[in-house]
There are 2 protein chains.
Amino acid sequence: MNIGQAAEASGVSAKMIRYYEQTGLIPKAARLESGYRDYDEADIHRLRFIRGARDLGFTVEQIGALLALWSDRGRASADVKALALGHVDALKQKQAEIGAMIATLENLAKRCHGDDRPDCPIIDGLAADEAGAPRRRAPRRFGKVDALRA
Amino acid sequence: MNIGQAAEASGVSAKMIRYYEQTGLIPKAARLESGYRDYDEADIHRLRFIRGARDLGFTVEQIGALLALWSDRGRASADVKALALGHVDALKQKQAEIGAMIATLENLAKRCHGDDRPDCPIIDGLAADEAGAPRRRAPRRFGKVDALRA
DNA sequence: CTGGGCCTTGCCACGATGGCAAGGTCAAGG
DNA sequence: CCTTGACCTTGCCATCGTGGCAAGGCCCAG
């Protein structure tokens, strides 16, 4: 099966399949004499797995761990569960952070009369420190942000 | 005022101040004879405004629009409010998407006994199409993702 | 055999941010 | 006055996951 067909069948773009191969997330695909990559059902299955995990907001790195567990017959389901639940925690935290932003914005908006006069608590409130959020920076463990960008 | 002091006073890193200047979000800073950038109170105020907007999840691009409104004495507060409420909608949508991920994951986790046996609905469920989410891609209108990465 | 549609690789871009390096500047202390 | 260290300057590279484009090779149908 061609990379194009594999992409079609798995829902992962050809571009990303090559990328995943390049970064070692998936093994190097078999090649036909022509140099074309060749995929079988097992490959498709793996790609679909990756797609599902991506859609659930797992990082490619985390998916690497999941794939290892997937192919490990002797894995403990507890390990998988721990990984998943840890991710749920991270998602919940993000949700909370977004919730805080929403609350602040709605609060500011509520106090803005929203007519054609220039006074606006939103504008004023932004420069004040009302935004809170102590500004921490962390080593990017979220990923699949795009699923969240709408 | 030095860039370092401006960073300290505004909560925006020196690096980002230079970046904002480079991309035209803020006007080019005045320079001392030494070549050092020089900031006054108005600059700090603007930087603090940017910082606040960033913390509320606005894109740098959106902040550009906000800044324009900010410095426009004749602006209608309705414009600002519309921008803010539109952003709130986007945030709510992201929250909902994350919520869907959480629901799916918790559902899978609930059905995973989580012991040392290898069977795991989480692993199995990922390859199936349970993840839903019709895979749309859009032109990046969120930004300040880092605030959400925790 | 030719055309169009695949495939190959490789490089550039995004957004917002950090990091590093090489060199200039400034202020405090000897 | 000179040294030292902290700061500034610019410029380039990396991140993460994805898309796009280009030049060249392959494959199938007409």
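A note on names: the letters A, B, ... follow the listed sequences, proteins ahead of strands, and every chain is numbered from 1.
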Q: Output the distance between atom CD (Q22(A)) and atom CD1 (I17(A)), rounded to the nearest 0.5 Å.
A: 13.5 Å

Q: Could you tell me which residues satisfy side chain to side chain donor-acceptor pair (under 3.5 Å) with R75(B), sequence neighbours excluded, listed by chain and number?
A: none

Q.
Output the rounded distance in Å from OH (Y20(A)) to C1' (dG19(D)).
A. 13 Å

Name the pairs: protein N/O against N/O of nucleotides 25-29 of chain D, kept only if under 3.5 Å.
unit_1: dG25(D); atom_1: N2; unit_2: Y36(A); atom_2: OH; d: 3.0
unit_1: dC26(D); atom_1: O2; unit_2: Y36(A); atom_2: OH; d: 3.4

(Q) If the cut-off is 4.0 Å, is S13(B) near the phosphate of dG18(C), judged by side-chain N/O to OP1 or OP2? (A) yes

Q. If you group Ile, Leu, Val, Met, Phe, Trp and Tyr by side-chain heavy-atom gaps below 4.5 Å, do V60(B) and L105(A) land in one group?
A. yes

Q | Interatomic distance where CD1 belongs to I3(A) and P belongs to dC6(C) [whole Å] | A | 13 Å

Q.
How many whole angstroms separate atom CD1 of I17(B) from atom C1' of dT9(D)?
A. 14 Å

Q) Could you state the interatomic distance from CZ (R46(B)) to CG (L126(A)), rounded to the nearest 0.5 Å? A) 14.5 Å

(Q) Could you go through F58(B) and I50(B), starting from their C-alpha distance and side-chain angles, then the distance that decides it, and tell me whether this counts as side-chain contact (heavy atoms from CB on, under 4.5 Å)? (A) CA-CA 9 Å; F58(B) 285 97; I50(B) 292 172; over 6 Å; no

Q | Nearest to side-chain heavy atoms of T59(B), which nucleotide of dG17(D), dA16(C), dC8(D) | A | dA16(C)

(Q) I'd like to know if E106(B) and R111(B) make a salt bridge, using a cut-off of under 4.0 Å between side-chain N and carboxylate O. (A) no

Q.
By the 4.0 Å heavy-atom rule, please label R37(A) as base, sugar-phosphate, or nothing.
A. sugar-phosphate

(Q) Between P on dG18(C) and CE on M16(B), what's the gap in Å once rounded to a whole number? (A) 7 Å

Q.
How many whole angstroms separate atom CG of N2(B) from atom P of dC26(C)?
A. 10 Å

**Q.** R18(B) CZ - dC12(D) P separation (whole Å)
**A.** 15 Å

Q | Exam field: side chain Q95(A) to backbone Q95(B), donor-acceptor pair closer than 3.5 Å | A | yes

Q: Rounded off to whole Å, could you give me the CD-to-P distance for the E8(B) and dC7(D) pair?
A: 10 Å

Q. What is the distance, rounded to the nearest whole Å, between atom CG of L32(B) and atom C1' of dA27(C)?
A. 15 Å

Q) Mapping Y19(B) and R31(A) onto DNA chain C by nearest heavy atom, which one lands closer to the 5' end? A) R31(A)

